Amino acid sequence: MQIGILKEPSDRRVALVPDIVKQLQDWNVKVMVEHDAGAASAISDSDFKDSGAEIAERSVVLQNADMLITITPPSQEVYDLLKPQAVVISSFEPFNRPEVVQELAQRQVTALSLDMIPRITLAQSMDVLSSMASIAGYKAVLLAADYLPRYFPMLTTAAGTIPPAKVLVLGAGVAGLQAIATAKRIGGVVEAFDTRLAAKEEVESLGAKFVMVEGAQDDKEAGGYAVEQTEEYKQKQQQLIREKAEKADVIVTTAQLRGKPAPILVTAETVQKMKPGAVIVDLASSTGGNCELSEDQQVVEAHGVTIIGNSNLAQGVPMHASQLFAKNIMNYLKVFVSEEGELNLDLENEILKSSCIAHDGHAQYAQ
Amino acid sequence: MQIGILKEPSDRRVALVPDIVKQLQDWNVKVMVEHDAGAASAISDSDFKDSGAEIAERSVVLQNADMLITITPPSQEVYDLLKPQAVVISSFEPFNRPEVVQELAQRQVTALSLDMIPRITLAQSMDVLSSMASIAGYKAVLLAADYLPRYFPMLTTAAGTIPPAKVLVLGAGVAGLQAIATAKRIGGVVEAFDTRLAAKEEVESLGAKFVMVEGAQDDKEAGGYAVEQTEEYKQKQQQLIREKAEKADVIVTTAQLRGKPAPILVTAETVQKMKPGAVIVDLASSTGGNCELSEDQQVVEAHGVTIIGNSNLAQGVPMHASQLFAKNIMNYLKVFVSEEGELNLDLENEILKSSCIAHDGHAQYAQ
Amino acid sequence: MEGTTTNLIYLICISLFIIGLKKLSHPDSARTGNLLAAAGMIGAIIVTLLTPLESGANNYGWIAGGMVVGTAIGLTVARKIKMTAMPEMVSLFNGLGGACAMLISIVEFYNHPAGEPLLSGQMITTFFALFVGSISFTGSLVAYGKLDGFLRDSLVLPAPKLINMVLLLVIIALSAYTLMQPQLNFTYVIVILGLSLIYGITFVTPIGGGDMPVVISLLNSFTGIGAALAGLIYGNQVMLVGGILVGASGTILTILMCQAMNRSLINVIIGGFSASGGGTAQSGDEVVKEATYADTAIMLKYAQKVIVVPGYGMAVAQAQHTVHDLEKTLEEEGVGFKYAIHPVAGRMPGHMNVLLAEADVPYPKLLDLDDANKEFASTDVVLVIGANDVVNPAAKTDTASPIYGMPILDVEQAKNVIVLKRSMNPGYAGIQNQLFFGERTRMLFGDAKSSLSKLVEEVNNA
Amino acid sequence: MEGTTTNLIYLICISLFIIGLKKLSHPDSARTGNLLAAAGMIGAIIVTLLTPLESGANNYGWIAGGMVVGTAIGLTVARKIKMTAMPEMVSLFNGLGGACAMLISIVEFYNHPAGEPLLSGQMITTFFALFVGSISFTGSLVAYGKLDGFLRDSLVLPAPKLINMVLLLVIIALSAYTLMQPQLNFTYVIVILGLSLIYGITFVTPIGGGDMPVVISLLNSFTGIGAALAGLIYGNQVMLVGGILVGASGTILTILMCQAMNRSLINVIIGGFSASGGGTAQSGDEVVKEATYADTAIMLKYAQKVIVVPGYGMAVAQAQHTVHDLEKTLEEEGVGFKYAIHPVAGRMPGHMNVLLAEADVPYPKLLDLDDANKEFASTDVVLVIGANDVVNPAAKTDTASPIYGMPILDVEQAKNVIVLKRSMNPGYAGIQNQLFFGERTRMLFGDAKSSLSKLVEEVNNA
Amino acid sequence: MELLLNFISENLTMLYILVFIIFLGTEVISNVPTVLHTPLMSGANAISGVVIIGAIILIRQASADDYPILILGFFGILLAMINVAGGFAVTNRMLEMFKKKKK
Amino acid sequence: MELLLNFISENLTMLYILVFIIFLGTEVISNVPTVLHTPLMSGANAISGVVIIGAIILIRQASADDYPILILGFFGILLAMINVAGGFAVTNRMLEMFKKKKK
Ligand SMILES: NC(=O)c1ccc[n+]([C@@H]2O[C@H](COP(=O)([O-])OP(=O)(O)OC[C@H]3O[C@@H](n4cnc5c(N)ncnc54)[C@H](OP(=O)(O)O)[C@@H]3O)[C@@H](O)[C@H]2O)c1
Ligand SMILES: NC(=O)c1ccc[n+]([C@@H]2O[C@H](COP(=O)([O-])OP(=O)(O)OC[C@H]3O[C@@H](n4cnc5c(N)ncnc54)[C@H](OP(=O)(O)O)[C@@H]3O)[C@@H](O)[C@H]2O)c1
Ligand SMILES: NC(=O)c1ccc[n+]([C@@H]2O[C@H](COP(=O)([O-])OP(=O)(O)OC[C@H]3O[C@@H](n4cnc5c(N)ncnc54)[C@H](O)[C@@H]3O)[C@@H](O)[C@H]2O)c1
Ligand SMILES: NC(=O)c1ccc[n+]([C@@H]2O[C@H](COP(=O)([O-])OP(=O)(O)OC[C@H]3O[C@@H](n4cnc5c(N)ncnc54)[C@H](O)[C@@H]3O)[C@@H](O)[C@H]2O)c1
C-alpha cells in the first residue's frame with residue numbers, strides 16, 4: 001500500500017514523521033511525501049528519505065496514493081487528482097460541517113475522520129483531539145505570557161516586588177488542564193472552571209483552585225463531552241466568571257460543546273471590566289469562541305485587552321505535534337491495515353464504525 | 001521641578017509609571033507625560049492623569065522639562081527643543097559609543113547615564129541594567145519556547161513520550177541566571193556556562209548544571225563585570241560549547257564584556273551542527289552577539305536553527321519593565337533631588353561621579 | 001554455696017533475657033537479641049541440670065528423652081513451616097509452654113503432702129498456675145486453629161460474655177472452696193482443670209480471626225505469668241524473673257499491637273464483635289489482602305528495587321511531594337527507586353510528568369511503559385499509588401472489558417505489589433480490577449498522601 | 001511489721017523516682033516527671049522520719065532545723081538565679097549532696113564501735129562512700145567555679161594525669177592499710193578525706209569549661225553512687241535503689257551528652273585538652289555564641305511566630321525543600337511561619353522567589369522588606385538561612401561600609417536570631433556582620449541543608 | 001491482712017524484684033517498631049518456655065519409680081522444649097528478612 | 001574469695017535488685033532528646049539528694065547529747081536538703097519553657 005503525505009497548505013505540522021514512516025515499512029506500507037512537507041516542523045526531505053519515504057511533487061504524490069493522510073481536510077482539487085476509491089484520513093469535523101460528508105460520498109472516496117474516533121479507552125492512543133489539545137493548552141499559556149505586558153511569576157527585586165500573574169482557565173478538558181499545569185509551572189496563580197462535576201477533582205489534582213458554580217448539569221453518557229446547561233446556571237456562571245475575570249491577568253478558554261457553537265463565557269461587558277494589558281486566549285474560537293469578542297485566527301485588542309482567537313495552537317509546536325499526530329495515525333492504521341499492508345476495513349469495528357464517514361459512495365455519518 | 005517623559009519611539013516601555021509619579025509629587029516634583037507614552041505598557045493617559053501627571057504634546061513636554069528621562073537615548077532633534085542646561089537621564093552607553101559624551105557636552109545639557117551607575121550595593125536599587133536584564137532573561141526563554149518547534153517539558157502520552165528540552169545558557173550574569181530559572185521552571189534540563197568563577201556556585205544555586213572549563217581568568221576588581229580570557233582558554237571553551245550545543249534545543253547567550261564587543265561563543269560551524277529546529281536567543285546582539293550568525297534586532301534562520309538577536313527583550317514585558325525602571329529612577333533621583341524637589345548635583349557623590357557623563361559643557365566620562 | 005553460684009548464673013541468664021528482649025525490639029539487632037535470649041535459656045537449663053539436689057533421683061534419662069524429642073520436634077517444625085504460617089506456629093508453641101505450666105501444677109497438687117495446711121501462699125500460687133497455664137494451653141490452640149483456618153470465625157457461641165463470666169466465677173469459687181477444705185480433694189483439682197481448659201476455649205473463640213495476633217500476644221504473657229508462678233512454687237529465680245519479664249513485656253506488646261490497629265485491648269477481648277474486622281475486605285466473593293504500614297515499610301526498606309506506579313489518585317491526593325520524600329528516604333537506604341509512567345495515567349496527557357517535575361523528581365527516574373514492563377519481573381516491590389485502570393490486567397485478558405486492548409503496566413510480574421487507594425472503588429473506566437485480588441497483591445487503604453507519610457515514618461523507624 | 005510498711009512505701013517512692021526519670025526524658029511529660037520524683041522524695045523523707053527506731057533520741061529538732069534552713073536556701077536560690085546560671089547551680093547542688101554522703105561516712109567512722117573488726121563489707125563500703133562523696137563535693141565546686149567564670153580554664157596543673165594517678169593509688173593504699181589495722185585510726189580517715197577532696201579538685205581542674213556539663217553529669221552519678229553506698233551502710237532500700245538509679249542513669253546520660261558533642265567520655269576526662277572546645281568561636285576579639293540543634297529545635301517548636309530570612313546560602317545549599325519541610329513540621333505544631341524576602345537576597349533578582357516557588361511555598365507566606373520589618377519585633381525566632389549582607393546592620397550604622405544605605409531586614413528586633421551558615425566567612429559584600437555577635441544571636445554552623453534536616457529531626461523528637 | 005503482710009514481709013525483696021522487672025519488661029520493649037511486633041512476640045514466647053526449668057526440677061526431685069510424676073514431667077519437658085527450641089528457631093527465621101543487604 | 005561469695009550469698013537479692021536497677025536506670029533515659037539533657041541531669045541530681053535519708057537516720061539514732069554527730073548530721077541534712085529542694089525547684093524552672101502553648 002502506498003500512503004501519500006502532503007505539505008499542509010495552512011499548517012506547520014505534517015501528518016507523518018520519519019520514525020513512523022520507518023515503522024510502516026516493516027508493515028509493507030510505502031510512504032510518498034510531498035517535497036518540503038516537513039520543513040515547518042524541522043523535518044527535512046532528507047530526513048524523510050533516510051527513513052525510507054519517497055519524496056515527490058504534489059501531483060505525483062496524489063496520483064500514487066492509495067491512502068492520503070492530511071491534518072486539515074484537503075481542498076477540492078486534491079480529490080480531482082486522487083485515485084478513485086482512495087482512502088482519505090483527516091479531521092473532517094462532520095458535526096460542524098455536515099455537508100462535507102455528502103461531498104466525500106459523492107467523490108467515492110473512503111473518508112475516515114480522526115475527530116470521530118470514539119473516546120473509548122482502546123482508542124486513546126489514536127485520539128488526535130487529545131494529543132493536539134494537550135499541546136494547545138501548553139502553547140496557549142506560553143502565548144499569553146508572551147503577549148502579557150506583565151511578568152508571570154512573583155519577583156522580589158531591589159526595584160520593588162512584582163506579584164504573580166493571576167490565570168483563569170475556563171473549561172478544564174484536556175487543553176484546559178494542560179493550560180493549568182503550564183501556568184502553574186511558570187509561576188502563575190491559577191483558578192479554573194468547568195461545568196463537568198469531575199473537573200473539580202481534576203483541577204485540584206493539579207494543585208489549582210476550582211471555581212465552583214452550583215447546579216451544573218452533567219452527563220456521564222456523553223462520552224467525556226460536556227452538555228448544555230440551564231439558563232439559571234448560565235447566569236450564575238456568568239456572574240462568577242465576571243468577578244474572577246476582573247482580577248485575572250490571563251484567561252484561557254477551552255470550553256467546547258460538540259456539534260454546537262461554543263458557549264459564551266466571557267462577555268464583551270466582562271472584557272471591558274478587565275485589567276488593561278490582560279490577555280485572553282480563546283481555544284474555542286473556531287466554533288464561535290468562548291469570548292464574545294474573539295475572532296478566529298486573529299489577535300484583536302478590545303478595551304486594552306488582547307484577545308487571541310486560535311483553535312489550532314498545536315501547530316505552534318509543529319515538530320512534537322507532528323510526532324504525536326503521526327503516532328496516533330499509526331495506532332489508528334493498526335485497526336484496519338493488516339500486517340501485510342493490506343487494507344482491511346471492517347465497518348463493524350467500533351472505532352471504524354464511528355470514524356468512517358464515507359465509504360463506497362455512502363455517507364456514514366448520522367448526527 | 002518639572003520632569004518630562006516622552007513616548008519612546010522604538011520601545012514599548014515608558015520611563016515613569018503612575019505610582020512613581022504620585023510619589024514624586026509628595027516631593028514637589030511635577031511630571032509632564034507625552035500623549036500615549038504608556039500605551040504600549042498598558043498605561044493609559046488617564047492613569048497618568050489620575051496620578052497627577054500632566055498630559056501634553058511632545059513639543060510641550062520638551063519645552064517645559066527641567067529634566068528629561070528616557071529609556072533609549074533621545075534623538076538629536078529632542079535636544080533642539082529642550083531647555084538649555086536641562087538634565088537628561090537615559091542609558092547613553094558611553095563605553096560603546098564614546099562620541100556621545102562629546103555631543104552631550106556640546107549641547108550643554110547635564111547628562112546622567114543610567115548604565116554608568118556603579119554596581120555598588122547602595123546603588124542596587126537604581127541598577128537599571130540588573131532589573132532589565134532580569135526581565136530579559138525571563139523573556140528570552142519564553143521567546144525560545146515560542147519559536148521552538150518542540151514541546152519544552154517532558155510529556156508521557158498515549159501517543160508516545162516527548163523528552164524534555166535541553167537548554168544551554170551561556171553567560172550566567174543577571175539575565176543568564178533568570179533564564180536558567182525560567183527554563184527550569186517550564187521543565188527544561190538546563191546547563192550553563194560562564195567564565196567567572198563565582199558563577200559555578202550561582203548556577204548550582206538554581207539547581208542547574210554548570211559546564212566547567214578549566215583555567216578561567218577572573219577579576220574581583222572588575223565590579224561584577226567579566227574580563228577577557230586567554231586564547232587557550234577560549235579554545236577549550238569553544239570546544240566544550242560546541243559539544244553541548246549539538247545536543248541543545250535552546251541556547252540563550254548573555255555574555256558581555258563591558259566596552260568591548262561580546263565574545264563569540266557559538267560559531268557558525270557550531271550552529272551548523274545543531275539540531276534542526278533549535279533556537280538561539282542572543283541577548284548580547286547589540287554588542288556584536290555571542291553567536292557568530294546572530295543579527296541585532298532580527299530573527300534569522302541558519303542551518304535550520306532560529307537565531308534571535310535581541311538585547312532589548314525587557315520591552316517584551318513592558319508594563320513590569322516600566323514599573324521596575326521607574327522605581328530605579330525614583331531611587332536614583334533621591335541621590336540628587338532634595339526633598340523640596342530641588343536639583344542638588346553633588347558630583348563628589350560616588351554614584352553621580354560615575355553616572356554623570358556631561359555637565360556644564362564638560363565631558364565627564366573617561367574610559 | 002552452689003545455690004549462690006546457681007543464682008549468680010541465673011542472674012546472668014536473666015540479664016541475657018533482658019538484653020535479648022531489648023535487642024529484639026530493634027531491627028538491626030533483633031537477630032542478636034534472639035540468640036542472646038536463646039543463650040540465656042540454654043545456660044539456665046544447664047545450670048538447673050547441674051545444681052546438686054537435696055533429694056530426688058535426678059532421672060536424667062527421662063529429662064534427656066523429653067529434651068531431645070522436644071528439640072527435634074521444635075526445630076523440625078520451625079524449619080519446615082511456610083513463612084506465612086509463622087504466627088500460628090508461635091501460637092501453638094505458646095500453648096505447649098502453657099501446658100507445661102499446667103502439668104507442673106498438677107504434679108504439685110499430686111505431690112501435696114497429706115497433712116500440710118492447704119490455705120498457703122504455695123497452694124494459692126499453684127491454683128493460679130493451673131488456671132493460667134490451662135487457659136494459655138487451650139486458648140492458644142484455638143488461636144492456632146483460627147489462624148490456620150480449620151476453625152471458622154463463624155463458629156459463634158451464644159452470649160459469650162455471660163458464659164465467660166460464669167465460668168470464671170465458678171473456677172474462682174471452686175478453687176477457694178478446695179483450699180478451705182482440710183484435705184486436698186484431687187477430683188476438685190481435675191474439675192477446676194477441666195473448667196480452666198474450657199475457659200481458654202470460650203475466651204478466645206468469640207474473638208475475630210484478624211485479632212488473633214493480639215490474642216496470641218496476650219496468651220503469651222499468660223504463659224509468662226504461668227512460668228513465674230511456677231518459679232514462685234519452686235522458689236526459682238530464673239523462672240520467676242524470666243516469667244515476669246515475659247508477662248510484663250507481653251502485656252505491653254499486646255497493648256502496642258492494639259494501638260497499632262487503632263483498637264483498645266478491652267475492645268478486642270470483651271468486644272469480640274470484630275469477627276469481620278480482620279485484615280480482609282470483601283468484594284463479592286473474593287477477598288483482598290490488606291497490608292500494614294509496618295510490613296510495607298520493612299518490605300520497602302529491605303528491597304533492592306522499588307517501582308512506583310503513580311495514577312490519578314496520586315494527583316487527587318496531591319501526594320507527589322510525599323512520594324518524593326519516600327524516594328529520598330529509600331535511596332538513602334540503598335534501594336533502587338523508579339517511577340513507571342503510564343501514557344494515560346491521570347486525566348490529561350503528561351499529568352504525572354507535571355506533578356513529579358513539581359516535586360523535583362529527576363527525569364531519568366521516569367520509565368515509560370515499555371521500559372517499565374521490562375523491569376517489573378526483577379522488581380521487589382511495586383507501589384501502585386492511586387492508579388487503577390492503567391494496571392488492570394483485564395486490558396489484556398478480558399475482551400469484553402471497555403479497556404480491552406489498552407497497553408498496561410504489568411505489575412503482577414513483580415514479587416510484591418502494594419496498592420494505595422482509599423477504597424475498592426473503580427477508576428475512570430468504572431470496572432473492577434483483578435490485580436487487587438492477586439496472589440502477590442496487598443492493599444493499603446487510605447488517602448495516598450497520608451498513607452505515604454505513614455510509610456515514610458515507618459521506614460525511618462524500621 | 002513497721003519495717004515492712006516502710007519498705008513498701010519506699011518501693012512506691014522508688015517507683016516514683018523511676019517513673020519521674022522516665023517522664024523527665026520526654027518534653028511533654030518532663031514537668032510531671034520532676035514533680036513525681038519530688039513527691040517520691042517527700043514521701044521517702046516522711047516515712048523515714050516516722051518509722052519507729054530501735055534506739056536513738058530522734059532529735060527531731062536538729063532535723064527540722066536542717067530541713068527548714070536547707071529548704072529555704074534551696075528554694076530561694078532556685079528562684080533567684082538567672083536562667084543562664086542554672087547549670088552551675090546544678091553543679092553546686094550536686095556538690096552539697098556529695099558533701100552529705102561524705103559527712104555520713106565520717107560519722108560512721110566516728111561511730112565505729114572500738115572492738116568490732118575493721119575488715120568488713122560495712123567498712124569497705126564506708127570508705128567508698130567517703131571517697132565518692134568527697135570527689136563529688138570538691139569536683140562539683142570546681143565545675144561550678146569554672147562555669148561561673150571565677151575559675152579560669154587557664155589554671156593548668158602540671159602533668160595532671162600523673163598527679164591524679166598517684167593520688168588515686170595513695171588513697172586506695174591508705175584505705176586498705178587503715179582497714180588492715182586492728183583498730184580504726186581516725187587520723188588516717190582524715191588524711192584519706194583530705195586526699196579525696198584534693199582528688200576531686202585535680203580531677204576536674206584540667207577539663208575544659210566547655211565540657212563542664214558532661215563533668216557535672218558524671219559527678220552527679222558519683223553522688224548517686226555515694227547515696228547508694230550510704231544506703232548499703234544503713235541497709236536502707238530507698239537510698240540504695242535511688243542512688244543506684246541515679247548512678248546508672250547519670251552514667252548513661254553522661255555518655256549520651258558526650259555523644260551529642262561527638263566526643264567519647266574517655267576523651268573528655270583523660271583528654272582534658274579541650275580547654276578551648278567550649279561552644280564559642282572566636283573572631284578577632286569578639287566571640288559569637290553557638291546554638292545547638294536541640295536548643296534551636298525546642299525554641300522553634302515552642303515559638304508562636306518564626307520568620308525565615310533566606311539568602312544566597314540557602315540557594316547554594318539547595319535547602320529550599322528542607323526549609324519547606326521545617327515549615328510544614330512547625331505549622332503542624334501551631335507555629336506561625338513566614339519568609340522575609342529581601343529584594344537583593346541571592347545573586348539575581350527574584351532568586352529566593354524562584355527557589356521557594358520550586359519548593360511549593362505558598363506565595364502569601366512571603367513577606368517583602370517593609371512588611372517583614374514590621375513583624376520582626378513580635379517574632380520569637382528569626383532563622384537566618386545563609387543570608388548575610390541583607391541582615392547586616394552596618395548598612396544602617398556604618399557610613400564607611402560598602403553596603404551603607406541599603407535597606408536591610410531588621411532581624412535584631414526579634415527575640416531570638418539563629419544564623420545558619422558554614423563559617424564566619426563574609427557574604428557578597430565581603431564585610432563582617434555585627435549581627436552575629438549580637439546579644440540575641442546564636443550561630444548554627446554547617447551546610448544549611450544538613451543543618452535544617454537535623455533541625456527538622458530534632459523538632460520531631462522534641 | 002495479717003497473712004498478706006506476713007507474706008509480703010517474707011518476700012519483700014521478691015516484691016522489689018517483681019516491681020523492677022515489670023518496669024524493665026515494659027521499658028525494654030516500649031519502643032519496638034510495628035514491624036517487629038510478631039518477631040518480638042515470638043521471641044518472648046520462646047523465653048516463656050523457661051517454665052521447662054520447673055519441669056526439670058520436678059523430675060529431678062521425683063524418685064525413679066514415681067511414674068505418674070515422671071510421665072507428666074516428661075511431657076512437661078517435651079512440650080516446653082518444643083516451645084523453647086521451636087520458638088527461638090522460628091524467631092530466627094522471621095528475622096532473616098532483616099538481614100542487612102550488601103550496599 | 002570465700003569472703004566475697006559469702007557476701008554475695010548474703011546479699012543475693014540485693015545483687016539482683018542492683019542489676020535490674022542498673023538496667024532500668026539505663027533503659028529509662030536512653031531515649032532522652034538532647035534538649036532535655038540538662039533538665040534531666042538536674043532532676044537526677046535532685047534525686048541523688050536521697051542521701052538525706054542517711055543523715056536523718058543518723059541524727060535520729062544519735063543520742064541527744066552527741067553533739068559532734070548532731071552537728072555533722074545537721075550539716076548533712078542542711079546540705080542534702082538544699083540539694084533536694086533547690087534541685088527540684090531549678091529543674092522545674094528549666095522545664096517551664098516546655099509548657100504547651102495554647103493552640
Ligand atoms: N491521561 C489522560 O490523558 C486521560 C484522560 C482522560 C481519561 N483518562 C483515563 O483515566 C484513567 C487513568 O488511570 P489511572 O490508573 O491513573 O487512574 P484511575 O483508573 O482513574 O484510578 C485512580 C484511582 O485512584 C484512587 N484514588 C483517588 N483519589 C485517591 C486518593 N486521594 N488517595 C488514594 N487513592 C485515590 C481511586 O480509588 P479510590 O477511590 O478507592 O481511592 C481510583 O481507583 C484511565 O482509564 C484513562 O483512560 C486518561
Ligand atoms: N539579588 C541580586 O540581584 C544580587 C545580585 C548580585 C549581588 N547581590 C548581592 O548578594 C548579596 C545577597 O545577600 P545574601 O544575604 O543573600 O547573601 P550573602 O551576603 O552573599 O551571604 C550568603 C551567606 O551564605 C552562607 N552560605 C553559603 N553557602 C552556604 C551553605 N551551603 N550553607 C549555609 N550557608 C551558606 C555564606 O556564609 P558561609 O560561607 O560562612 O557559609 C554567606 O555568608 C548582597 O550583598 C547583594 O547585594 C545580589
Ligand atoms: N478516552 C478517554 O478516556 C478520553 C480521551 C480524551 C478526553 N477524555 C475526557 O473528555 C473530557 C473532555 O475532553 P476535551 O478536552 O476534548 O473536551 P472539549 O474540548 O469538548 O471541552 C473542553 C472542556 O470545556 C468544558 N465546557 C463545556 N461547556 C462549558 C461551559 N459552559 N463552561 C465551562 N466549561 C465548559 C468541558 O466540560 C470540557 O471539560 C475530559 O474529561 C477528558 O478527560 C477522555
Ligand atoms: N551591585 C551589585 O551587587 C550587583 C548588581 C548587579 C549585578 N552584579 C553582578 O555582576 C555580575 C555580572 O552582571 P551582568 O549580568 O550585568 O553581566 P554582563 O551582562 O556584563 O555579562 C553577563 C555574563 O556573561 C559572562 N561572560 C562574559 N564573557 C564570557 C565568556 N567569554 N564566556 C562566558 N560567559 C561570559 C559574564 O561573566 C557575566 O556573568 C553578576 O555576577 C552580578 O551578580 C552585582
Side-chain angles (χ1 to χ4, degrees), chain D residues 17 21-22 24-25 27 30-31 34 37-38 41 48 53 56-59 62-63 66-67 69-71 73-75 77-78 86 89-90 93-94 96-97 99-101 103-104 107 121 217 220 223-224 227 230 234 236 239 241-242 244-246 248-250 252-253 257 260 294 298 334 461-462, chain F residues 7 18 21-22 24-26 28-45 47-51 53-64 69-70 72 74-92 94-95 97-98 101 103:
Chain D
F17 289 165
L21 274 184
K22 172 77 194 166
L24 261 169
S25 48
R31 277 162 69 84
N34 188 47
M41 184 63 75
T48 310
L53 280 185
N58 272 334
N59 301 307
W62 288 88
I63 294 176
M67 286 184 64
V69 178
T71 307
I73 297 177
L75 291 184
V77 172
M86 293 209 176
M89 205 37 60
V90 173
F93 289 156
N94 184 52
L96 303 184
C100 180
L103 291 177
I104 289 175
V107 172
S217 175
N220 180 28
T223 310
Y234 292 110
N236 180 288
M239 279 169 82
V241 177
I244 292 293
L245 189 65
V246 171
S249 56
I252 292 299
L253 183 57
M257 286 168 100
I298 220 80
N461 288 343
Chain F
F7 184 77
L18 236 156
I21 282 293
I22 291 174
L24 202 49
T26 312
V28 134
I29 67 148
S30 59
N31 283 307
V32 63
T34 333
V35 285
L36 282 173
H37 282 176
T38 309
L40 181 59
M41 176 174 85
S42 178
N45 168 50
I47 295 179
S48 76
V50 73
V51 70
I53 303 287
I56 293 176
I57 294 177
L58 176 157
I59 293 203
R60 287 188 65 199
Q61 285 178 341
S63 57
I69 290 188
L70 286 179
L72 282 179
F74 171 80
F75 276 107
I77 288 187
L78 178 72
L79 299 183
M81 199 63 212
I82 296 179
N83 185 4
V84 170
F88 284 118
V90 161
T91 313
N92 202 45
M94 283 184 199
L95 290 172
M97 66 184 289
F98 290 88
K101 63 196 146 196
K103 280 187 190 171

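Not measured: the values here are computed from a predicted model. Just so you know, these numbers use all the heavy atoms, side chains as well, and skip hydrogens, waters and symmetry mates. Throughout, protein chains are lettered first and strands after them, A, B, ... in sequence-line order, and every chain is numbered starting at 1.
Per-residue heavy-atom pair counts under 4.5 Å with chain F were compared for D/T48, D/N58, D/L245, D/I104, and the maximum is reached by D/N58. Put simply, of D/V69, D/L103, D/L53, D/L75, the one with the most heavy-atom pairs under 4.5 Å next to chain F is D/L53. With chain D as the partner, the residue from F/I53, F/I69, F/V84 showing the most heavy-atom pairs under 4.5 Å is F/I53. Of the listed residues F/V28, F/L40, F/V90, F/L70, the one with more heavy-atom pairs under 4.5 angstrom with chain D than any other is F/L70. Among D/G70, D/G250, D/A99, the residue making the largest number of heavy-atom pairs under 4.5 Å with chain F is D/G70. Of the residues considered (D/G242, D/S25, D/G74, D/G56), D/S25 shows the highest number of contacts with chain F, using heavy-atom pairs under 4.5 Å. Between chain D and the residues F/A89, F/A62, F/A55, the most heavy-atom pairs under 4.5 angstrom are made by F/A62.
Here the straight-line distance linking atom OG1 of F/T91 with atom CG of F/L36 works out to 11.5 Å at 0.5 Å rounding. To the nearest 0.5 angstrom, D/L253 atom CG is 4.0 Å from D/S217 atom OG. Within the model, atoms CD1 of D/I63 and CG of F/L58 stand 9.5 Å from one another, a figure rounded to the nearest 0.5 Å. Expressed to the nearest 0.5 Å, how far CE of D/M257 lies from OG1 of F/T38 amounts to 5.0 Å. Remark: F/F74 CZ to F/L78 CG distance equals 5.0 Å, nearest 0.5 Å.
For D/M41, the part sitting under 4.5 Å from any heavy atom of chain F is the side chain, from C-beta outward, and nothing else. Heavy-atom distances place both the backbone and the side chain of D/M67 under 4.5 Å from chain F. With a threshold of 4.5 angstrom between heavy atoms, D/A101 approaches chain F through its backbone and through its side chain. Within the 4.5 angstrom heavy-atom criterion, only side-chain atoms of D/N236, from C-beta onward, approach chain F. For D/Y234, the part sitting under 4.5 Å from any heavy atom of chain F is the side chain, from C-beta outward, and nothing else. The contact between D/V241 and chain F is made by backbone and side chain atoms together, counting heavy-atom distances below 4.5 Å. Looking at D/V246, the atoms closer than 4.5 Å to chain F (heavy atoms on both sides) all sit in the side chain, from C-beta outward.
Heavy atoms from other residues, nucleotides or ligands lying under 6.0 Å from CZ of F/F75 number 12 at most.
Partners of F/A80 under the side-chain contact (heavy atoms from CB on, under 4.5 Å) rule, at least two apart in sequence or in another chain, are D/C100, F/V51, F/I52. Remark: F/I22 pairs with D/I244, D/A248, F/L18, F/T26 by the side-chain contact (heavy atoms from CB on, under 4.5 Å) rule, at least two apart or across chains.
For the pairing with F/S42, the side chain to side chain contact (heavy atoms under 4.5 Å, CB included) check across D/L24, D/V90, D/N34 returns one residue only, D/V90.
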